[in-house]
Amino acid sequence: MPTIIDGKTTAKKLRESVLHQTEQLKAQGVVPGLAVILVGDDPASQIYVRNKEKACADCGFYSEKHALPASTTEEELLALIDRLNRDDRISGILCQLPVPGHIDEQKVILAIDPKKDVDAFHPQNVGRIMTGDILFAPCTPAGVMTLLDTYGIDPKGKKCVVVGRSNIVGKPQAMLLLHRHGTVTICHSRTVDLPAETRQADILVAAIGKPKFITADMVKEGAVVIDVGMDRDENGKLCGDVDYDNVAPKCSFITPVPGGVGPMTIATLMQNTLLAAKLQHGLQ
Ligand code: NAP
């Protein structure tokens, strides 16, 4: 049977380490602060924002939530970001995406000061992820790398297959694996023979957004399977992109959903906010 990668415990330890470092920073008069902006009333976004606020409290951070109505104009949102960019109490700013259609998401991403861009979505930070000179770690993919490291899984020389090429997960995940000397293939909806690609994987990362899409016949015996997906099955129950019950017996390691990658994303965000506070006070 596989080793089940415990993201909950790993994330808890990471958050405890952030809390410890925050206490040391506070002794020097610096309090990390995160501003979270939410536009509209998307229920999933509201849950994500609530979880981020709670994580801030657990880590001893100052936090501000800006819940704006869906009718907020682009100008109003950009003005808020500009104010937060200049606010010394705020180390990190994130605007929960997606924003309503009348707001240009790209303009929002560009408006956030790259030094406060703890989600690492600004092109300046994206470029640094590409070159390997990383300032802020991309939260979900970096969380995956922390899990691999925690369980002694070294991507070096391994065949890594990432299914999904989004800017927030698939692409940066492929880059992080490449920086660690994995031989990386990125698959997507136009990949001609997906099972043939995934069956090559020593490390398979699924970031697709389709419940139980990766089936046992798509996985090599002994593979490490990382499931980034957060989906709902036919009964509305939370599940991943991997058909866990049938895939797990073939794996050496596998992440469950929930309790795998999910908790790592917020823990990495906390790590980034702490780093932002240190950078802004010349302590890093
Ligand atoms: P996304 O932007 O919708 O991207 C999905 C990717 O999957 C796309 O690149 C798409 O290919 C590919 N894809 C879709 N159908 C496919 C198919 N039949 N065969 C092969 N590839 C296919 O999603 P995302 O934002 O990356 O998120 C992916 C999943 O991760 C979602 O379930 C999301 O909820 C979850 N997620 C979890 C966390 C976390 O903290 N755990 C964080 C972020 C996201 P094309 O590019 O060709 O369309």
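Numbering of ligands and ligand atoms starts at 1, following listing order.
- Judged by distance alone, with hydrogens and angles left aside, the side-chain atoms of K52 form no donor-acceptor pair with the main-chain N or O of L34 at under 3.5 Å.
- Taking every non-hydrogen atom of G262 and a distance limit under 4.0 Å, the qualifying atoms of ligand 1 come out as 41 (N).
- Taking 4.0 Å as the cut-off, G170 does not count as a neighbour of ligand 1 on heavy-atom distance.
- For ligand 1, none of its N or O atoms has an N or O atom of Y48 under 3.5 Å away.
- Between C251 and V225, the closest heavy-atom pair is SG-CG2, 3.5 Å.
- Between D241 and ligand 1, no N or O atom pair is found at a separation short of 3.5 Å.
- Shown here are the side-chain hydrogen bond (donor to acceptor under 3.5 Å, both in side chains) partners of K115, two or more places apart in sequence or in another chain: there are none.
- Set against the non-hydrogen atoms of I168, the atoms of ligand 1 under 4.0 Å away are 25 (O).
- Closest to atom 4 (O) of ligand 1 among all protein heavy atoms lies S166 CB, 3.8 Å.
- Atoms of ligand 1 lying under 4.0 Å from at least one heavy atom of R190, given by number and element, are 47 (O).
- For atom 3 (O) of ligand 1, the nearest non-hydrogen atom from the set L194, N167, I208, T265 comes from I208.
- Listed by number with element, the atoms of ligand 1 under 4.0 angstrom from any heavy atom of A207 are 5 (C), 6 (C), 7 (O), 28 (C).
- At least one N or O atom of M230 sits closer than 3.5 Å to an N or O atom of ligand 1.
- Under a 3.5 Å cut-off, the side chain of T198 and the backbone N or O of M218 do form a donor-acceptor pair.
- For the residues L97, D231, T140, N51, the heavy atom positioned nearest atom 38 (C) of ligand 1 is part of T140.
- For atom 29 (C) of ligand 1, the nearest protein heavy atom (residue, atom name, distance) is G209 N, 3.6 Å.
- Heavy-atom proximity to G164, at under 4.0 Å, picks out these atoms of ligand 1: 6 (C), 7 (O), 9 (O).
- The protein atom (non-hydrogen) at minimum distance from atom 27 (O) of ligand 1 is V169 CG2, 4.4 Å.
- Of the protein's heavy atoms, R165 N, 2.8 Å lies nearest to atom 9 (O) of ligand 1.
- Counting protein heavy atoms only, atom 21 (N) of ligand 1 is closest to H188 C, 3.1 Å.
- Proximity of C187 to ligand 1 is not established, as no heavy-atom distance is less than 4.0 Å.
- Residues Y244 and C239 fail the side-chain proximity criterion, which asks for heavy atoms closer than 4.5 Å.
- By the side chain to side chain contact (heavy atoms under 4.5 Å, CB included) test, Q284 is found to be paired with L275, K278, L279, residues two or more places apart in sequence or in another chain being considered.
- With hydrogens and angles disregarded, a donor-acceptor distance shorter than 3.5 Å links the side chain of N85 to the backbone of D113.
- Among all protein heavy atoms, the one lying closest to atom 48 (O) of ligand 1 is S189 OG, 3.6 Å.
- Looking at R89 and D87, a side-chain N of the basic residue comes within less than 4.0 Å of a carboxylate O on the acidic one, giving a salt bridge.
- Looking only at distances, no side-chain donor or acceptor of H122 sits under 3.5 Å from a matching main-chain atom of A111.
- Looking only at heavy atoms of the protein, atom 15 (N) of ligand 1 is closest to K210 NZ, 3.2 Å.
- S45 contributes no side-chain N or O that, together with a main-chain N or O of D41, makes up a donor-acceptor pair within less than 3.5 Å.
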**Study point:** R128 vs D133, salt bridge (Lys or Arg N to Asp or Glu O under 4.0 Å): CA-CA, chis, key distance, verdict
**Key:** CA-CA 5 Å; R128 295 181 71 151; D133 171 32; 3.4 Å; yes
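- Nearest protein neighbour of atom 17 (C) of ligand 1, counting heavy atoms only, is F213 CZ, 3.7 Å.
- Between the side chains of T265 and T140, at least one donor N or O sits under 3.5 Å from an acceptor N or O.
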